[in-house]
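Notes for the one structure printed next.
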Amino acid sequence: MKNRPFGRTFLEIAAIISLTFFLFSCGSRESKESKVNEPSAPTVDITEVDVSALQDVKEAEKIFYSLPSPLESAMLIKSAGAMFDEELLNPTESTSLYSTNKDMALNLGIYTCDLSFASLYDQTQLVINYMSAAKKMAEGLGILDAMDEETINRLEENINNREAIMDIVSETFLNSNSYLEDNEQPAIASMVLVGGWIEGLYIATQLVNMDEFESDKLVVRIIDQKLSIGIMMKLLQDNNEHPAINELISQMTQLKTIFDKINISTTRITTEVDSETDVTILKSKVTSDMTSEVFVELANKVSEIRSSYVK
Amino acid sequence: MNKIAKSTLFITTIFLAFSSISASAQCKGFAKKICKEELESYIHDGNYHAAILTEGEEAELYKTFYSDQDYRVAICGSDNLPPIEFKVMDVNKNVLFSNEDVEYGKTWDFKLESSQQLKLVVKVTTFEQTSDAPASGCVAIMFGFKVR
């Protein structure tokens with residue numbers, strides 16, 4: 001082996017790094033133009049609401065498919081006037097049973113939804129237990145900074161302050177999913193969202209009072225989830241390089257088949273700005289037609305899918 | 001492969017990986033520390049939508065918004081970027097809001113009479129004076145709601 005002068009080796013390396021940088025920066029200068037279609041004029045009712053209807057032929061540089069977060073799902077249940085039922089939550093004692101990345105990702109979403117649900121109903125001890133369960137799932141996935149000791153301490157110090165707790169839940173969930181996105185694990189991040197979404201749907205379907213089916217506000221929220229199933233499918237299809245995703249797609253396809261039995265029609269949206277609050281109100285009328293039979297079929301399917309996630 | 005080539009490949013790989021993670025981490029910090037502030041009293045939903053975009057580039061976001069909830073969307077770009085334009089559209093691609101009409105304001109507060117799936121189109125505008133190296137930086141999209 002011949003010895004080579006350090007200076008020369010260093011110069012060669014520096015030259016190659018500079019060349020690589022130059023090539024990369026040239027690549028980033030390319031600007032793809034993507035045009036937004038002008039508004040289509042006629043007022044129409046729609047019966048099939050799907051993300052594909054919104055997509056342009058030319059794609060943007062980055063597309064986000066945003067599902068309701070576990071926190072938002074729990075908030076929707078609470079705002080519909082539902083009662084709290086601890087029995088519906090995934091027991092925190094089960095954390096040791098989840099060992100695969102898929103199990104831990106799904107249950108990170110599930111436990112975060114349960115945590116959000118408990119926090120909205122001021123269930124202080126459950127909040128601590130579910131934060132700990134979610135922390136175990138996050139750590140199992142290698143997310144070490146999602147919930148550190150400081151977060152746990154802050155949670156305990158603010159245990160009677162609902163808004164502060166929700167802010168902590170929001171922050172820890174942001175830490176988890178930003179870690180997964182930044183470390184090129186979008187498939188795992190999408191599994192977390194699926195877990196949280198299914199848990200919210202499971203809790204909502206279980207809390208519906210069948211004696212007041214026609215007037216139960218939770219039923220409206222469950223019908224609303226039809227609007228997210230197309231987004232869910234796109235999210236999973238975009239991340240189907242992970243072997244576990246195809247199984248989730250299969251389950252979500254079965255769920256979509258039932259959602260497809262529900263018709264939703266909406267009038268054209270008009271806008272009105274409240275001059276006092278500067279809040280824009282999007283005005284429209286929606287009609288839908290879910291029967292109690294379709295609801296039961298949907299609830300059973302959600303329960304079956306959720307049973308395959310929790311142990 | 002000789003020793004120099006191996007060393008070069010190793011260092012370049014490490015360097016690029018570090019650059020990539022560092023840029024992503026900057027976006028996470030930008031979203032958490034800068035953009036989230038724009039939500040003020042609205043509770044952030046916890047979802048993370050951020051990417052590095054260059055002048056003239058676009059991002060799209062699809063999301064369902066629910067009736068009778070108070071929402072704020074905040075869309076922010078790094079200081080080195082020109083203003084960020086965003087439009088909100090319905091399923092028929094009717095534009096419901098454009099921040100171009102409010103001097104590229106970063107936030108929009110809204111509520112819905114009925115739940116709807118909406119699309120947000122976010123575009124980094126371009127500086128008036130063209131440059132050989134267009135600016136790139138983080139763009140974050142954050143949603144907040146009010147708790148009832």
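Computed from a predicted structure; not experimentally measured. In what follows, chains carry the letters A, B, and so on, assigned in the order in which the sequence lines appear, proteins first and then strands, with residues in each chain numbered from 1.
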Interatomic spacing from [atom1] in [X] to [atom2] in [Y] - rounded to 0.5 Å:
X	Y	atom1	atom2	value
B:Tyr62	A:Leu67	OH	CG	14.5 Å
B:Lys119	A:Ile231	NZ	CD1	12.0 Å
A:Phe64	B:Tyr48	CZ	OH	8.0 Å

Basic-acidic side-chain contact under 4.0 Å: A:Lys217, B:Asp68: no
Going by an N to O cut-off under 4.0 Å, is there a salt bridge joining A:Glu163 and B:Lys146? no
Looking at [options], which has the largest count of heavy-atom pairs under 4.5 Å with chain B?
options	answer
A:Ile223, A:Asn175, A:Asp274, A:Val273	A:Asn175
A:Arg221, A:Lys285, A:Gln225	A:Arg221
A:Ser69, A:Ser79, A:Ser116, A:Pro68	A:Ser69

Let's go through A:Glu61 and B:Lys123 carefully: what are the C-alpha distance in whole Å and the side-chain angles of both, what is the deciding distance for salt bridge (Lys or Arg N to Asp or Glu O under 4.0 Å) to 0.1 Å, and is it a yes or a no? CA-CA 10 Å; A:Glu61 279 71 19; B:Lys123 183 175 182 178; over 6 Å; no
Does any backbone or side-chain atom of [X] lie under 4.5 Å from a heavy atom of chain A? Answer side chain, backbone, both or neither.
X	result
B:Ala50	backbone
B:Tyr66	both
B:Leu120	neither
B:Phe65	neither

Evaluate the side-chain contact (heavy atoms from CB on, under 4.5 Å) criterion for residues B:Asn92 and A:Ile269: first the C-alpha distance (whole Å), next the side-chain angles of each, then the deciding distance (0.1 Å), finally the verdict. CA-CA 10 Å; B:Asn92 293 317; A:Ile269 302 170; over 6 Å; no
Check each atom of [X] against the heavy atoms of chain B and say whether the ones under 4.5 Å are side chain, backbone, both or neither.
X	result
A:Leu120	side chain
A:Asp278	backbone
A:Lys78	side chain
A:Ser284	both

Check whether the side chains of A:Tyr65 and B:Glu60 place a donor and an acceptor atom closer than 3.5 Å, and report yes or no. no
Is there any residue in residues 104-115 of chain B with a non-hydrogen atom under 4.5 Å from a non-hydrogen atom of chain A, and which ones are they? B:Trp108, B:Asp109, B:Phe110, B:Lys111, B:Leu112, B:Glu113, B:Ser114, B:Ser115
Taking the side chain as every heavy atom from C-beta outward, state whether [X] and [Y] have any pair of such atoms under 4.5 Å apart.
X	Y	result
A:Glu181	B:Cys27	no
B:Asp45	A:Leu71	no
B:Lys36	A:Glu171	yes

Counting distance only, does the side-chain N/O of [X] pair as donor-acceptor with the main-chain N or O of [Y] below 3.5 Å?
X	Y	answer
B:Asn47	A:Ser66	no
A:Ser178	B:Lys28	no
B:Asn94	A:Arg268	no
A:Ser228	B:Thr64	no

Working for side-chain contact (heavy atoms from CB on, under 4.5 Å), residues A:Leu282 and B:Gln116: CA-CA 9 Å; A:Leu282 305 184; B:Gln116 297 283 349; over 6 Å; no
Minimum-distance pair of heavy atoms, taken over all atoms of B:Gln117 and A:Leu227: NE2-O, 2.6 Å
Taking all non-hydrogen atoms of both residues, which atom of A:Ser170 and which atom of B:His44 are closest, and how far apart? OG-O, 2.9 Å
Does B:Asp79 have more than 12 heavy atoms from other residues, nucleotides or ligands lying within 6.0 Å of its CG? no
Selection from B:Ile43, B:Leu53, B:Asp70 maximising heavy-atom pairs under 4.5 Å formed with chain A: B:Ile43
